Each structure stands twice: as structure tokens, then as C-alpha cells.
Amino acid sequence: MEAGLSAVKLASISSRRLSSRQTLPAITKLGAGLLNTTFPSSHRVGDLFYGLPHRSVNRNKRDFSTRIARIMPEKRPADLGAAVEGKRGFKQTKLNFQPLTSKTKQATFATSEAQKEPGQGSSNSTSATPGGDNVNKRTDPTPPTDKQRQQRPPPDASSSSANPATADATAGASASSNANASYRIRIVDRPGDLFSAPRGAVLIHACNALGVWGGGVALAFHDRYPDAYRAYRKHCLRSTPDRLAGTALLIPPARPSSGERKEREEQEDEEPTGSGHYVGCIFTSRKFGRGMDSPQEILRLTAPAMRDLMRLVAEEGDKVTEVRMCRINSGIFNVPWAETKKAIEGMVLGRDGEPVPAVVKDGVLEVVAWERPEWF
Ligand SMILES: Nc1ncnc2c1ncn2[C@@H]1O[C@H](COP(=O)(O)OP(=O)(O)OC[C@H]2O[C@H](OP(=O)(O)O)[C@H](O)[C@@H]2O)[C@@H](O)[C@H]1O
């Protein structure tokens, strides 16, 4: 690709209001073209993102570097990372990449097309707006204060007693009628990265019912699983907060394109962003921000929402390999983690014909609750 043509494309990217779905393939293509020749001195990597909303820029920078590295394995993200972040090194470096073959082009640019609307929420809705560009995003909440930290339980704090705040509490500890089928959820706290899950894992997070993943871990989900976000948003827009409160949505992994599948076979170590994971949304608050439900109400909605999610997980059979979560409700929703944990562990599931997930072993479904090490 010639620098002149690049400039034209650059100008068009910068001037048009493109959604991130449109932008990412565009900049990837442009970036790949530029890298095939000498990166023009007048076009720094930052320029590729000029005019885009700030958060979108940051996200695209990361994806840009990863994608370029994928299609040009001789340059790993470590090399490109410095180039992308430092810009100057990139500007002055002559990068002798192999030209794109039609094969690699296909593998790269097919991605966004093939990731359209996974699973639930994707059909028959006319009101849902695809893409997350109109989402009112906020920044990650500030780390917990000392007081908040004290509220957080020690890693092994748990209780098997039922939580009186939840409807499920009535199930109690004496599961007798159908004891063989019944099961409980045991939550194990662990520091680490929620998202470093194996394929087939369900990643649970608490959601509002307004179709916004604007802060905290929800924003991280939004960035990693854009298709899941669209499915969630459509699901919300098709219903009402009152109907969704206390229910769940299980969004299957985005179906990889044939290009992605091939890529994965070739580079087994490299997991494409967002693929392979189910996203488990539990609607524990009707709204967010000032309209957010009270901590008591959020807690009350948590058990039925988890029950609903477990039903959906069971329907997936052995396609689900594990279930994990973040410390739901404990950040923006402001419910002490110990309370949420107690509510979930107090539930008895699987009775009265309720389906049992394949991952249940000896009457227990172990769910690891991951927390970032610095917050643990
Ligand atoms: N980047 C990250 N990576 C990894 N773990 C992260 C993280 N950021 C936070 N955590 C942890 O994840 C747990 C839950 O904390 P969060 O505050 O997220 O969620 P929550 O369940 O209390 O509240 C739900 C509402 O948060 C959003 O709200 P908005 O849209 O902004 O209205 C939603 O949309 C809902 O409405 C806590 O253990 C955090 O340490």
C-alpha cells in the first residue's frame, strides 16, 4: 500500500464517525498495509486513531497491536507493543514484513463479519442498536477504600446457612425430597484474572437491565466480548427492567470465523479475544447509577437470577467446562461480598425437576470467584 493511499484512508477514518466494528477492521487493514512498506514518517500510529473517542482509541490500539502480530508472526506483540505505545520507535523503524497474501487477508478481515450476533438476543429484534458506541461509559471505579476493604471477607469466609434476604433461603439446608439430584454452589475465592479462563467456561457478572456495561468489570466484558455485549443489549431492549430483574442471560461464545479457526489451529497458544467463553449475565439490579436498586433488593434478586442462570448452564450440557465469576455486586452495586456469597451458597438447586449442570460433582458446583490480586 502506498503512503498516498494510506493518507487518503487515514483521512477518511479520521473524519468519519465510524463505529468500533467498522473502525477496527479498517485500521487493521490500513496498519497492515503501512507495515508492508515503510511506515511513513508523517503517520505515527497514534494518527491512525485520530478523531476516535478516547476509550475506543485505547481499545483499538491494543487490538491493532495484537492483530498485526497475529498476521505477521515474525513480529510478536512485545515488539509491536513498544512501537505502538512509544510511537517514536515505530515512526522511525523500517519494518520489513511479508506482504499480505490473500490467505492471511481473509483470515484477518473475516473476523468482524463472522462475529455477528451470537446466540440469544440476536434474532427478531428491531429496536436493538448493534455496537456499543452509544454507551455512556464511565471509568473503572476507584480501588476500594480501607473501609470497603474491611467489608470484604477474608478469602475463605463463607457460610452454608441460608440468607433470609432471599426467596431461595426457604429451600434451606434440608434438601430431602430429591436429595440425589439437588446440588449447592460452593464459592471459592481466588486471586487472579477472571478472563484467563479455558474455552467453554462461563464467566458470570452482575448486570443492570438497561443494556449498559459502562463501568467496573462490565466495561472489561464490553471490551473483550463486543458480540456478547450486543446480545445483552438487545435482550434488555426487548424487555423491561421489572421483567428482567432476578433473571439471567447466558450468551454462548462468539462463533469464530473460518479464518479464526484456522489461525487458532496454527497458534494454539494464542486465544482470540473473547472467543470460547460464555458470558453469564445475572440481572441483580433494574437500573444503574442513581436509579440502581438498593443493596437489599440487589441481594434479594441475586439468588433467583443465579438459579435461572444455572438452568441455562444445565441446558448447555457438557459444552460448559467450568463456571467462574467475579465478586459480583461488590463494587458498583455496593453489596458486601460476604452477603452475596452467603445468598448464593444458601441456595439448594436441582430439586423438583430443575436441570443439573454437567459440571456439578457430588452435589456441588464449585464456582471460583476471581478477584484481581491487588484487590484481593
Ligand atoms: N477491570 C476489571 N477486571 C477484573 N475485575 C474487575 C474489574 N473491574 C472490577 N472488577 C471486579 O469485579 C467485581 C464486581 O465489581 P463491579 O463494580 O464491576 O460490579 P458490581 O457487580 O458491583 O456492579 C455491577 C454494575 O457495574 C456496572 O455498572 P455500570 O454499567 O457502570 O452502571 C454494570 O453494568 C452493573 O450495572 C469486583 O470484585 C471488582 O473488583
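First listed ligand is number 1; within each ligand, the first listed atom is number 1. As the structure is a prediction and not an experimental result, all values here were calculated from the model.
Listed by number with element, the atoms of ligand 1 under 4.0 Å from a non-hydrogen atom of Glu371 are 11 (C), 37 (C), 38 (O), 39 (C), 40 (O). Within ligand 1, the atoms closer than 4.0 Å to a non-hydrogen atom of Ser330 are 22 (O), 37 (C), 38 (O), numbered from 1 in the order shown. Using a 4.0 Å cut-off to heavy atoms of Val217, the atoms of ligand 1 that qualify are 4 (C), 5 (N), 6 (C), 7 (C), 8 (N), 9 (C), 10 (N), 12 (O), 18 (O). Within ligand 1, counting atoms from 1 as listed, the ones closer than 4.0 Å to a heavy atom of Phe288 are 32 (O). Within ligand 1, counting atoms from 1 as listed, the ones closer than 4.0 Å to a heavy atom of Gly216 are 8 (N), 9 (C), 18 (O). Near Gly215, meaning under 4.0 Å from one of its heavy atoms, ligand 1 places the atoms 27 (C), 29 (P), 30 (O), 31 (O). Less than 4.0 angstrom separates some heavy atom of Ala220 from each of these atoms of ligand 1: 1 (N). Which parts of ligand 1 touch Ala218 is read off a 4.0 Å heavy-atom cut-off, strictly below it: atoms 27 (C), 33 (C), 34 (O).
Ring geometry for Phe221 versus Trp213: interplanar angle over 60°, hence perpendicular rather than tilted (30 to 60°).
Of the N or O atoms in Ile328, none lie within a sub-3.5 Å distance of an N or O in ligand 1. Annotation: Ala206 places no N or O atom under 3.5 Å from an N or O atom of ligand 1; distance criterion only. Ligand 1 has an N or O atom lying under 3.5 Å from an N or O atom of Ile332, backbone or side chain. At least one N or O atom of Asn208, backbone or side chain, sits closer than 3.5 Å to an N or O atom of ligand 1. At a 3.5 angstrom cut-off on N or O pairs, Arg372 counts as close to ligand 1. Considering backbone and side-chain atoms alike, Asn329 places an N or O below 3.5 Å from some N or O of ligand 1.
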Please lay out, stage by stage, how Trp337 and Asp189 fare under the test side-chain hydrogen bond (donor to acceptor under 3.5 Å, both in side chains). CA-CA 11 Å; Trp337 171 232; Asp189 288 278; 2.8 Å; yes
Quick one: do Met292 and Lys287 satisfy side-chain contact (heavy atoms from CB on, under 4.5 Å)? Show the steps, please. CA-CA 5 Å; Met292 197 168 84; Lys287 300 182 180 172; 5.7 Å; no
Using the side-chain hydrogen bond (donor to acceptor under 3.5 Å, both in side chains) rule, take Ser285 and Asn208 through it: C-alpha gap first, then chi angles, then the decisive distance, then the call. CA-CA 5 Å; Ser285 173; Asn208 62 70; over 6 Å; no
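With values rounded to the nearest 0.5 angstrom, Thr247 atom OG1 is found 9.0 Å from Arg311 atom CZ. The line from CD1 of Ile282 to CD1 of Ile204 is 6.5 Å long, rounded to the nearest 0.5 Å.
Using a 4.0 angstrom heavy-atom cutoff, Leu194 does not count as in contact with ligand 1.
Selection from Phe333, Phe221, Phe283 by nearest heavy atom to atom 23 (O) of ligand 1 gives Phe333.
Ion pairing between a basic and an acidic side chain is recognised when a charged N comes within 4.0 Å of a carboxylate O; Asp242 and Arg286 show such pairing. Of the charged side-chain nitrogens involved, at least one lies within less than 4.0 Å of a carboxylate oxygen, so that Glu322 and Arg324 count as a salt-bridged pair. Comment: Arg190 does not engage Glu371 in a salt bridge, judged by the lack of any side-chain N to carboxylate O separation of less than 4.0 angstrom. One finds no salt bridge joining Glu354 and Arg351 here, because no Lys/Arg side-chain nitrogen approaches an Asp/Glu carboxylate oxygen to under 4.0 Å.
Minimum interatomic distance between Leu210 and Pro241 (heavy atoms only, all atoms of both residues): CD2-CG, 3.8 Å.
Neither the backbone nor the side chain of Met292 comes within contact range of ligand 1; no heavy atom lies under 4.0 Å.
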